[in-house]
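Nothing fancy with the numbering, it's 1 onward along the sequence.
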Amino acid sequence: MTIHELDELADQAMRDRGLDPGYASDAHQQAIKTTRPAAGKGLPDLRNLPWCSIDNGEGEEVSSRDLDQLTVAGLNHGVVTVRVAIADVDALVPRDCAVDRQALHNTTTVYCATKTYPMIDPLFSENLTSLANDTDRLAVVTEMNFGERGEVTKYLIYRAKVRSCAKLNYGATGDWLAGKREPPLAVLNQESVCDSLRLQDQIAQRYKQYRRAMGSLQLESLEARALVEGDQVSAIRGQLRNRATELIENLMIACNGCTSRHLEARGFPSFQRIVRRPKFWPSIVELAQAMGGSLPDHPDSLALQTFLEARRAQQPIRFPDLCLAVLKLLGRGEYVVEMPDQPPLGHFGLAVREYSHSTAPNRRYPDVIAQRLVKASLDKEPCPYSQVELEQLARHCSQQESKAKKVERQTEKSAAASMLAARLGETFQVVVSGVNERATWVRMLAMPVEGKLLGHAKIGTQLTVTLARTDVAKGFIDFAPTDDHAEESRREHRGRRPWKGGTSRHQNGKVH
């Protein structure tokens, strides 16, 4: 199937879920008429600092244009200070304007296998509100001091003018920070940026250990991306976490926590992102037991993290599948409103008491809401939203995000099925990634593609299988055991007790 046909499947998947694959005419006209960034008169000028961005890309290139954050770090009398600058989207997209209403419909950028649907018109998100390289921009800055254990000891939030010195990607930057290569070309002659990045990396790793001691879950998944050659999907490539992804992840978690604490201190409500106490904890306990581990009867994030670390050391090849199983059993995240006098609900998986999405306003509508709350608090203005409005927005954002994830999964499966359609009858090495009463699921070892096994096997078993069927429109990928494993599979099925823990997939061809 051609890229154009996969794009049409993605458009239809968006419409089927009630999401908008295009832009309303009034929103696009507003974007066309807006020709310059906001001025920021009277704001602190931080353009001389060695700011940089890190995002997706290949080789030395950066593919992302909707850049939401810049980071910089330095030493001040022996204290490490990290600043995170977040694009001031609200400065050009005020509440209830046409672009804002358009963004509120989908509430998130939708990343399909061959096509992206930006939440905000690219004339804004990839230009005027993007923290692009060598351009003056307005930002909401969170300035954080870190202690010896990695904890945030002091923070300050304010608006400022910033300017990026370097545009980097995760792969090259992560390899450099890990000592595997020379600095990326973008910073080769910018020693101040290199020094800042090394310091950010040290603090991010220290903060990661601090969070781990508090019980945060260090989950690892294979981020899958479709590679295109000509008008066909040529491969599905996975990207694991590295030092650069961990740098951004940990600094953004710290920044989001500061946003929540800032709003609470100012008497403002906050728009919280939470994962409640695991709904299926007994199944997580059963999963651990099936793998030779042990967990307490009541949810305990520190005990779960200890089990995960042991499994990573014992079976690293299986670890991403275990993480996927745990994520499904933890339950999906949701947005809720937390009033200033309300006890913190907390985020189970992150082991934090306050967590408000605020670091990606070009891509997520909850972050735009958080930005407006913060700016109102800084300007000593009334809260721009009532509690009822915020609660309605929380439900809407949770629902639309769930729809977007389903579209993304569906298009990923179709892209994988399209790429494999010409390889029917070929054999592949797989690992059994999930078992339930109705089906067995396997993940290919050569690429992050999952399909249904036309047979039965124990979870964690490595097999040689034959590609039996694909259905691009539905995203189905079916594998059959080879003759060497078929009889073993039948014996396993005859004596098999359905295991109710682990991953329970309801659709074929999942791509992680």
Quick one: closest heavy-atom pair of N362 and V89, and the distance? OD1-CG2, 3.4 Å
Between Q102 (side chain) and G22 (backbone), is there a donor-acceptor pair under 3.5 Å? yes
Hey, are T464 and Q429 close enough side-chain-wise for a donor-acceptor pair under 3.5 Å? yes
Test item: V93 and F124 side chains (from C-beta on) under 4.5 Å apart, heavy atoms: yes
No-hydrogen, no-angle side-chain donor-acceptor test under 3.5 Å, E58 and S63: no
Please check if the side chain of Q392 supplies one atom and the backbone of E389 the other of a donor-acceptor pair under 3.5 Å. no
L467 and L420, any side-chain heavy atoms less than 4.5 Å apart: yes
Hydrogens and angles aside, do R241 and Y170 bring a side-chain donor and acceptor to less than 3.5 Å of each other? no
Taking all non-hydrogen atoms of both residues into account, name the closest pair between I3 and T114 and its distance. CD1-CG2, 3.9 Å
Test item: side-chain donor near acceptor, Y117 and D11, under 3.5 Å: yes
Side-chain donor-acceptor pair present, D231, H4, cut-off under 3.5 Å: no
Can you confirm whether more than 12 heavy atoms, excluding those of E8, are under 6.0 Å from its CD atom? yes
So, the side chain of D121 versus the backbone of A31: is there a donor-acceptor pair under 3.5 Å, distance only? no
Heavy-atom closest pair (M119 atom, T109 atom, distance to 0.1 Å) is N-OG1, 3.0 Å
Heavy atoms only: give me the nearest V472-L6 pair and the separation to one decimal. CG1-CD2, 4.0 Å
With Y335 via ring pair (Phe, Tyr, Trp, His ring centres under 6.0 Å) - residues at least two apart: F271, H357
Passing candidate, salt bridge (charged side-chain N to carboxylate O under 4.0 Å, His left out) with E401, options R363, R273, R395: R273
Will you find, in the side chains of D367 and Q371, an N or O donor that is under 3.5 Å from an N or O acceptor? no
Between Q410 and K413, do the side chains contain an N or O donor and an N or O acceptor separated by less than 3.5 Å? no
So, do I120 and V99 sit near enough that their side-chain heavy atoms are less than 4.5 Å apart? yes
Ignoring hydrogens and geometry beyond distance, is a side-chain donor-acceptor pair present between Q387 and E391 at under 3.5 Å? yes
Which pair of non-hydrogen atoms, one from T359 and one from C255, has the smallest distance, and what is that distance? CG2-SG, 3.9 Å
If every non-hydrogen atom of C258 is compared with every non-hydrogen atom of T142, which pair is closest and at what distance? CB-CG2, 3.9 Å
Checking side-chain polar atoms at under 3.5 Å, does T2 have a donor or acceptor matched by the opposite partner on E5? yes
